[in-house]
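Each remark here refers to the structure printed beneath this line.
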Protein chains: 2
Amino acid sequence: MVEGRRHTLRDIAATLDLSVNTVSRALSGKDGIGARTRALVRAEAERVGYVPNTLARSLVLGSAMTFGLVITNPSNPFYAQLISGIELRARAHGYSLLLAVTDESEEIEARAAESLLRSSVSGAIVVPVQGKVDPWRRLGGVGVPTVLINRDLPDLGYPFVGTDNALGAYQATAHAIARGARSIVVLEEDLPITTIEDRIAGFRRAMAEADLPVPRGSVISVPTRRYEEAALPWQPEQAYRVARRLLRRPALPDAVVVGNDYFALGLYRALHEHGLKVPGDMMVIGFGDYPFSEFLSPSLTTVRLPAQEVGSTAVDLLLEQIESPDAEPRKQLIAPTLVTRESTGPAIPRSRIPLT
Amino acid sequence: MVEGRRHTLRDIAATLDLSVNTVSRALSGKDGIGARTRALVRAEAERVGYVPNTLARSLVLGSAMTFGLVITNPSNPFYAQLISGIELRARAHGYSLLLAVTDESEEIEARAAESLLRSSVSGAIVVPVQGKVDPWRRLGGVGVPTVLINRDLPDLGYPFVGTDNALGAYQATAHAIARGARSIVVLEEDLPITTIEDRIAGFRRAMAEADLPVPRGSVISVPTRRYEEAALPWQPEQAYRVARRLLRRPALPDAVVVGNDYFALGLYRALHEHGLKVPGDMMVIGFGDYPFSEFLSPSLTTVRLPAQEVGSTAVDLLLEQIESPDAEPRKQLIAPTLVTRESTGPAIPRSRIPLT
DNA sequence: GTGAAAGCGCTAACAG
DNA sequence: CTGTTAGCGCTTTCAC
């Protein structure tokens with residue numbers, strides 16, 4: 001097919017005895033060129049296996065037809081799906097993806113932002129570590145459209161897509177209540193992000209609407225860790241430990257709403273070890289609907305997050321922002337769906353008298 | 001910090017009344033420049049928030065300090081970890097990552113290869129769809145070092161890292177045999193890739209060494225699907241269906257070795273529905289040691305694949321190839337580890353007489 | 001329709 | 001030590 005050096009417009013121009021310019025126009029489909037010439041050029045380009053040099057093109061155009069994608073951790077199934085969704089939609093519009101993994105580190109995040117800047121990306125899609133806004137303000141400041149995913153940085157006023165975490169947690173909690181739970185506990189990661197605040201708010205709202213108390217100790221933090229172990233079952237493990245402590249309490253909750261489905265796994269194990277049955281002794285509601293959750297026993301009731309949709313929406317918002325930079329940045333919350341499975345019913349938790 | 005347009009070397013040169021060249025050298029740390037001048041330039045660059053333009057730099061250098069990463073499906077936990085591993089190591093060496101997702105499509109793969117070529121990547125790390133070698137031969141042909149991951153394309157003679165699938169399957173099978181299994185079945189994806197051939201070979205070897213027969217129907221194909229559903233629990237679901245059929249056989253195997261831990265999930269469900277106990281009625285051995293596998297009940301005995309290590313090794317091989325293009329391309333198989341858990345013991349399958 | 005010239009921002013080669 | 005010149009491969013004026 002091809003070997004050796006890459007051919008350039010100039011090569012083609014030389015062999016065809018045309019100007020570089022003509023060849024460029026012929027190939028780029030612009031008009032103002034003879035049909036014959038165009039065919040000729042196309043044929044020659046085909047023959048030598050011409051591959052345009054994006055670098056050169058981008059340099060003159062000032063932008064690289066590339067999106068930066070900054071993600072905290074691909075081993076989180078939500079982000080894995082997100083990557084797929086974004087990649088698909090971006091590629092459909094002709095953009096490549098420059099990927100950076102921050103692992104919740106502000107330092108890595110800052111470097112990633114800088115790197116995107118150097119690379120003249122056409123835009124950035126970011127799951128911010130959420131702590132520093134500077135790196136992203138800077139990026140936006142020099143005119144790189146940026147959309148935030150999952151965790152908003154309201155100060156920036158950038159476009160944003162996320163799932164409605166408050167709603168998700170509300171649904172989860174309300175469902176547990178409807179199934180007879182009166183005392184409910186929440187397990188969340190200990191990250192200082194709006195995601196988690198929102199969920200806790202949703203939980204509280206559901207409890208309040210049902211006139212149920214939320215005593216101290218109803219919201220439990222699960223410590224998390226950094227990248228090196230991200231690959232490992234660190235999250236279930238940590239949740240397991242926290243759950244074991246929880247199960248030593250004198251009064252156990254009827255239901256536990258957890259921050260992600262990995263936590264549900266850890267909780268399952270702790271409950272199993274204590275000989276407690278799900279949902280009979282305790283209901284469990286997950287968050288995320290990871291690929292395995294449907295297949296656990298008992299299968300896990302969980303809040304399904306539309307990761308693909310979040311991803312493709314992010315790309316759409318970015319394209320909007322690129323096409324009309326002065327348009328009002330849109331913020332979009334995508335509603336999650338509660339998926340009801342065995343872990344919340346139909347059994348009635350023991351603290352309630354059977355109703356039927 | 002900065003606002004408006006990006007500053008260039010020329011801007012700095014102008015305000016400092018120096019030549020562009022001098023500024024370039026001052027900033028790039030080359031020698032042959034006065035300490036005073038250098039400090040001056042550095043200070044000014046800092047002041048205006050100078051960000052080098054990688055595009056321009058890459059154009060003249062002919063390579064973009066970027067690796068192309070081509071992956072079939074990020075929702076596979078193995079690849080998710082792989083991405084992390086590669087990203088980390090690549091970034092440590094100053095390379096960015098251009099990501100492409102092929103979802104096992106030869107067509108997308110071909111486009112991805114083309115795209116990397118246009119982008120003048122310094123190298124490529126590829127999980128090939130395995131069917132066509134052309135796209136990668138072309139890439140290598142024009143001098144882009146390429147390393148293959150997980151699925152080798154021996155015709156190309158490129159560097160390769162993967163896990164020793166034959167060994168993994170051998171270990172899994174031998175373990176089941178050691179635990180008393182005599183009749184063993186394998187469930188694998190129906191992809192035409194060496195990965196799977198190797199595993200089946202490993203399985204056969206273990207069986208042969210134990211003088212156990214491998215009747216027809218011992219290797220079962222699980223149909224798979226494309227990207228759109230990759231995010232969804234498609235693999236457990238398909239394995240579940242296949243497993244249901246398996247369980248209708250007159251004689252059930254003592255153990256099932258599956259191609260990935262998702263399959264084990266599907267199998268678990270089918271067994272559960274049939275009232276069969278793991279490992280008592282049937283042992284299950286997974287492949288991959290996904291983050292959830294340790295936390296299933298029963299916890300899953302599985303072949304752990306060192307995804308991170310495969311990833312970082314891939315980067316190392318690529319760097320080797322970049323530094324010494326004429327060196328013999330290395331092929332490296334990383335040994336997986338069998339992780340023994342509840343799903344294979346200590347109970348004895350019913351077809352065997354208890355030994356102790 | 002096509003060509004010539006200029007320039008994107010940077011680095012490399014060679015002067016001075 | 002520093003400046004000048006040239007050029008990476010492409011697109012965009014602007015002539016002809």
Side-chain angles (χ1 to χ4, degrees), chain A residues 2 4-42 44-45 48-66 94 117-122 142-143, chain B residues 2 4-42 44-45 48-66 94 117-122 142-143:
Chain A
V2 192
R5 216 185 86 272
R6 271 168 66 168
H7 293 260
T8 70
L9 288 188
R10 190 161 48 165
D11 298 334
I12 299 180
T15 68
L16 254 42
D17 204 30
L18 288 170
S19 80
V20 174
N21 183 336
T22 306
V23 176
S24 167
R25 278 189 321 231
L27 256 26
S28 61
K30 292 241 171 53
D31 48 59
I33 195 152
R36 254 185 64 81
T37 320
R38 165 161 294 157
L40 224 62
V41 172
R42 290 242 162 111
E44 174 64 9
V48 301
Y50 170 72
V51 176
N53 185 329
T54 305
L55 252 30
R57 180 163 207 282
S58 302
L59 180 58
V60 23
L61 263 30
S63 146
M65 284 302 279
T66 293
L117 207 49
R118 290 172 187 245
S119 309
S120 308
V121 293
S122 322
V142 296
Chain B
V2 192
R5 216 185 86 268
R6 272 168 66 166
H7 294 260
T8 70
L9 288 188
R10 190 161 49 167
D11 298 334
I12 299 180
T15 69
L16 256 41
D17 204 31
L18 287 169
S19 79
V20 173
N21 184 327
T22 305
V23 175
S24 167
R25 275 186 325 227
L27 256 27
S28 60
K30 293 241 169 55
D31 49 59
I33 196 154
R36 255 184 62 81
T37 321
R38 165 161 294 158
L40 224 61
V41 172
R42 291 241 162 111
E44 175 64 10
V48 301
Y50 170 72
V51 177
N53 185 330
T54 305
L55 253 29
R57 181 165 206 280
S58 302
L59 180 58
V60 26
L61 262 31
S63 147
M65 284 302 278
T66 293
L117 206 49
R118 291 171 187 246
S119 307
S120 310
V121 294
S122 323
V142 296

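To find a chain, count down the sequence lines: A is the first, B the second, and so on, and within it residues start at 1. Reckoned from all heavy atoms, side chains included, excluding hydrogens, waters and symmetry mates.
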* DNA chain C contacts made by residues 56-63 of chain B, counting heavy atoms under 4.0 Å -> B/Ala56, B/Arg57, B/Val60, B/Leu61

* Structure fact -> note: A/Leu55, atom CG; D/dT11, atom C1'; distance rounded to Å ~ 15 Å

* Nearest heavy-atom pair of A/Leu117 and B/Arg6: which atoms, and what distance? -> O-NH1, 2.7 Å

* To do: Measure the CD1-CG distance between B/Ile33 and B/Leu40 for me, rounded to the nearest 0.5 Å.
  => 10.5 Å

Distances under 3.5 Å between protein N/O atoms and the N/O atoms of nucleotides 1-5 of chain D, please, pair by pair.
{"from": "D/dT2", "atom 1": "OP1", "to": "B/Thr37", "atom 2": "OG1", "distance (Å)": "2.6"}
{"from": "D/dT2", "atom 1": "OP2", "to": "B/Gly34", "atom 2": "N", "distance (Å)": "2.8"}
{"from": "D/dT2", "atom 1": "OP2", "to": "B/Thr37", "atom 2": "OG1", "distance (Å)": "3.0"}
{"from": "D/dG3", "atom 1": "OP2", "to": "B/Ser19", "atom 2": "N", "distance (Å)": "3.0"}
{"from": "D/dG3", "atom 1": "OP2", "to": "B/Ser19", "atom 2": "OG", "distance (Å)": "3.4"}
{"from": "D/dG3", "atom 1": "OP2", "to": "B/Thr22", "atom 2": "OG1", "distance (Å)": "2.6"}
{"from": "D/dG3", "atom 1": "O6", "to": "B/Arg25", "atom 2": "NH1", "distance (Å)": "3.2"}
{"from": "D/dT4", "atom 1": "O4", "to": "B/Asn21", "atom 2": "ND2", "distance (Å)": "2.3"}

* Interatomic distance where CG belongs to A/Asn53 and P belongs to D/dC8 [whole Å] -> 12 Å

* To do: Starting at atom CG of A/Leu27, determine the distance to atom C1' of D/dC10, rounded to an integer number of angstrom.
  => 12 Å

* Asked: Taking the side chain as C-beta and beyond, is there a heavy-atom pair between A/Asn53 and A/Thr8 under 4.5 Å?
  -> no

* Structure fact -> Between the CZ atom in A/Arg25 and the OG atom in A/Ser19, the distance rounded to the nearest 0.5 Å is 6.5 Å

* Asked: What is the minimum heavy-atom distance between A/Leu55 and B/Ser119, and which atoms define it?
  -> CD1-O, 3.9 Å

* Between the first and last five pairs of the helix from C/dG1-D/dC16 to C/dG16-D/dC1, the angle of the axes, rounded to 10 degrees -> 40°

Distance-only donor-acceptor hits, side chain of residues 56-63 of chain A, under 3.5 Å, sequence neighbours excluded:
{"from": "A/Ser58", "atom 1": "OG", "to": "A/Thr54", "atom 2": "O", "distance (Å)": "2.7"}
{"from": "A/Ser63", "atom 1": "OG", "to": "A/Ser122", "atom 2": "OG", "distance (Å)": "3.0"}

* To do: Provide the closest heavy-atom pair for A/His7 versus A/Val48 in the form atom of the first, atom of the second, distance.
  => CD2-O, 3.5 Å

* Outermost DNA chain C nucleotides near chain B [under 4.0 Å, heavy atoms] -> C/dC8 to C/dA13

* **Rounded distance [0.5 Å steps], OG in B/Ser24 versus CD1 in B/Ile12** => 10.5 Å

* In Å, rounded to the nearest 0.5 Å, how long is the span from CG of A/Leu9 to CG of A/Leu18? -> 11.5 Å

* All pairs passing side-chain hydrogen bond (donor to acceptor under 3.5 Å, both in side chains) where residues 26-40 of chain A contributes a residue, at least two apart -> none

* Give a yes or no on whether the backbone of A/Val20 and the side-chain of A/Arg10 come within a donor-acceptor separation of less than 3.5 Å. => no

